[in-house]
Amino acid sequence: MDTIVLKFGGSSVASYERLKMVANKIIDFYDKNNNTVVIVSAQGKTTDRLIKESEEISKDPSDREMDVLLSSGEQMSMAKLSMLLNEMGYPAVSLTGWQAGIYTNNTNQNAIIENIDATRIKKELAERKIVIIAGFQGFNENLDITTLGRGGSDTTAIAIAATLEAKNCYIFSDVEGVYSADPNMIKVAKKIPALSYKEMLAMANEGARVLNNRSIEIGEKFGIPIISKSTFNNESGSVISNVIEEETIKGIVKKDLSRISIVGNGIIRNTKAIRRILEVIENSKIDMLNLDVTETKISIDFKNVVPNELVSKIHEVIFN
Ligand code: ASP
Ligand code: MG
């Protein structure tokens with residue numbers, strides 16, 4: 001019997017109507033006699049909403065409590081989907097990160113999966129259950145809940161697929177696959193039927209948002225074909241695998257980056273200021289790309305657009 005992993009993103013599970021479409025997709029796979037494992041994200045904008053609500057309570061809530069809060073979004077989705085499948089006459093069971101054996105390191109808010117003990121998942125599959133797992137969450141050595149960073153449900157799905165040696169990992173979302181350019185920007189962009197892990201990783205790192213980059217690395221490492229497809233139609237999606245074309249052009253991506261510069265004569269010798277600035281950046285866990293120091297200026301390039309809050313924190317340490 002083949003094992004299939006299906007992941008449904010936030011917009012795919014956003015409402016009862018959509019959950020029904022998702023349930024029917026799951027049933028299609030299950031009825032073909034597949035071991036069916038499903039990973040879900042939080043419904044719609046739930047995670048964003050929870051973050052906003054936490055900000056109303058505290059300017060700087062602990063990462064541990066943020067993980068407890070944010071992981072609740074995925075738990076709502078998994079319970080609702082499992083209930084719905086049961087209601088439709090199908091045996092389903094929902095599992096949290098720890099119930100599914102997803103063991104991570106201690107980095108709350110941005111944890112890395114270290115190991116998956118799939119005993120419980122396999123037991124449920126052996127009983128012919130559809131196993132629904134909360135994406136984006138795991139547990140650490142203190143038995144605390146951890147989360148894998150924004151968009152982390154893709155990582156959960158592909159890591160579970162690797163552990164179960166699944167035939168494929170389907171990533172269902174509101175887009176039909178990977179496009180030659182962002183279809184919101186370029187109307188004539190075309191869907192790419194197949195691309196290699198390396199090509200997909202380059203697209204994701206340079207700004208394409210279809211798949212989370214860590215998940216692609218895991219897919220490549222374990223050779224799990226990833227299929228990006230729409231929840232809302234039956235069009236063929238994009239297959240990401242180790243099939244490589246000799247010479248090809250797949251897509252074009254645009255990414256907005258940030259540069260922060262601090263100006264003042266002799267800054268190159270102001271080691272105290274430089275150290276403080278670097279400390280602020282390190283504490284905010286924002287990825288730097290490049291640092292350039294001259295007689296009158298320090299310029300720091302970042303891998304993404306950074307929040308204005310970073311500028312205000314740097315301002316604080318250099319002027320106070
Ligand atoms: N719900 C989490 C987020 O919005 C994880 C995910 O959707 O993959 O970032
Ligand atoms: Mg999400």
Side-chain angles (χ1 to χ4, degrees), residues 5-15 18-19 22 25 37-55 61 63-82 94-98 100 102 104 107-113 116 132-140 145-162 169-175 177-178 200-201 204-205 207-219 224 226-232 240 285-287 303-305 307:
V5 174
L6 314 174
K7 182 255 170 177
F8 293 93
S11 66
S12 299
V13 294
S15 65
R18 291 183 173 196
L19 279 171
V22 166
K25 284 251 185 278
V37 179
V38 180
I39 315 297
V40 284
S41 288
Q43 293 183 283
K45 300 252 173 281
T46 304
T47 311
D48 291 333
R49 198 195 73 227
L50 292 171
I51 293 172
K52 276 212 191 79
E53 288 176 5
S54 74
E55 287 166 353
D63 286 344
R64 180 193 181 279
E65 298 310 331
M66 281 306 285
D67 280 352
V68 177
L69 180 67
L70 298 193
S71 61
S72 68
E74 272 69 15
Q75 279 183 227
M76 288 170 57
S77 302
M78 72 178 195
K80 289 182 185 175
L81 185 57
S82 187
S94 66
L95 301 176
T96 61
W98 70 265
I102 302 170
T104 74
T107 316
N108 287 92
Q109 292 277 285
N110 204 13
I112 289 175
I113 299 177
I116 298 179
I132 321 267
I133 301 171
F136 173 61
Q137 57 174 266
F139 70 104
N140 66 16
I145 299 171
T146 52
T147 63
L148 309 179
R150 296 306 306 270
S153 298
D154 290 346
T155 307
T156 307
I158 296 168
I160 293 277
C169 182
Y170 289 84
I171 305 287
F172 283 100
S173 68
D174 51 13
V175 295
V178 187
M200 185 67 241
L201 192 58
N205 283 336
R209 273 161 317 185
V210 204
L211 277 177
N212 168 293
N213 30 13
R214 212 186 274 165
S215 71
I216 305 160
E217 288 167 354
I218 300 174
I224 304 289
I226 305 167
I227 302 159
S228 162
K229 248 169 116 50
S230 166
T231 306
F232 307 114
I240 300 121
K285 294 178 192 146
I286 292 175
D287 289 333
K303 288 188 179 169
N304 293 296
V305 175

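Both counts, for ligands and for their atoms, begin at 1 and track the order of listing. Bear in mind that the values here come from a model prediction, so they are computed numbers and not experimental data.
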Taking C-beta and beyond as the side chain, do Leu70 and Phe136 meet within less than 4.5 Å on heavy atoms? yes
Within the 3.5 Å criterion, strictly below it, is a donor on Lys80 or Gln43 matched to an acceptor on the partner's side chain? yes
Atoms in ligand 1 flagged as close to Arg150, the criterion being non-hydrogen separation under 4.0 Å: 3 (C), 4 (O), 9 (O)
Side chains of Ser215 and Thr155: is there a donor and an acceptor less than 3.5 Å apart? no
Is the closest N or O pair between Gly151 and ligand 1 shorter than 3.5 Å? yes
What atoms of ligand 1 come within less than 4.0 Å of a heavy atom belonging to Ser153? 5 (C), 6 (C), 7 (O), 8 (O)
Just to check, does Gly73 reach to within less than 4.0 Å of ligand 1 when the distance is taken from its heavy atoms? no
Any atoms of ligand 1 less than 4.0 Å from a non-hydrogen atom of Ser41? List them with their elements. 6 (C), 7 (O), 8 (O)
Could you tell me if the side chain of Arg150 sits less than 4.5 Å from the side chain of Asp48, heavy atoms only? yes
Tell me whether Asp154 has any N or O atom under 3.5 angstrom from an N or O of ligand 1. no
If you measure from the Lys or Arg side-chain nitrogens to the Asp or Glu carboxylate oxygens, is any gap between Lys285 and Asp63 under 4.0 Å? yes
Are any of the N/O atoms in Lys7 less than 3.5 Å from those in ligand 1? no
My understanding is that only residues two or more places apart in sequence, or in another chain, count here; which of them pass side-chain contact (heavy atoms from CB on, under 4.5 Å) with Ala111? Thr104, Asn105, Thr146, Leu148
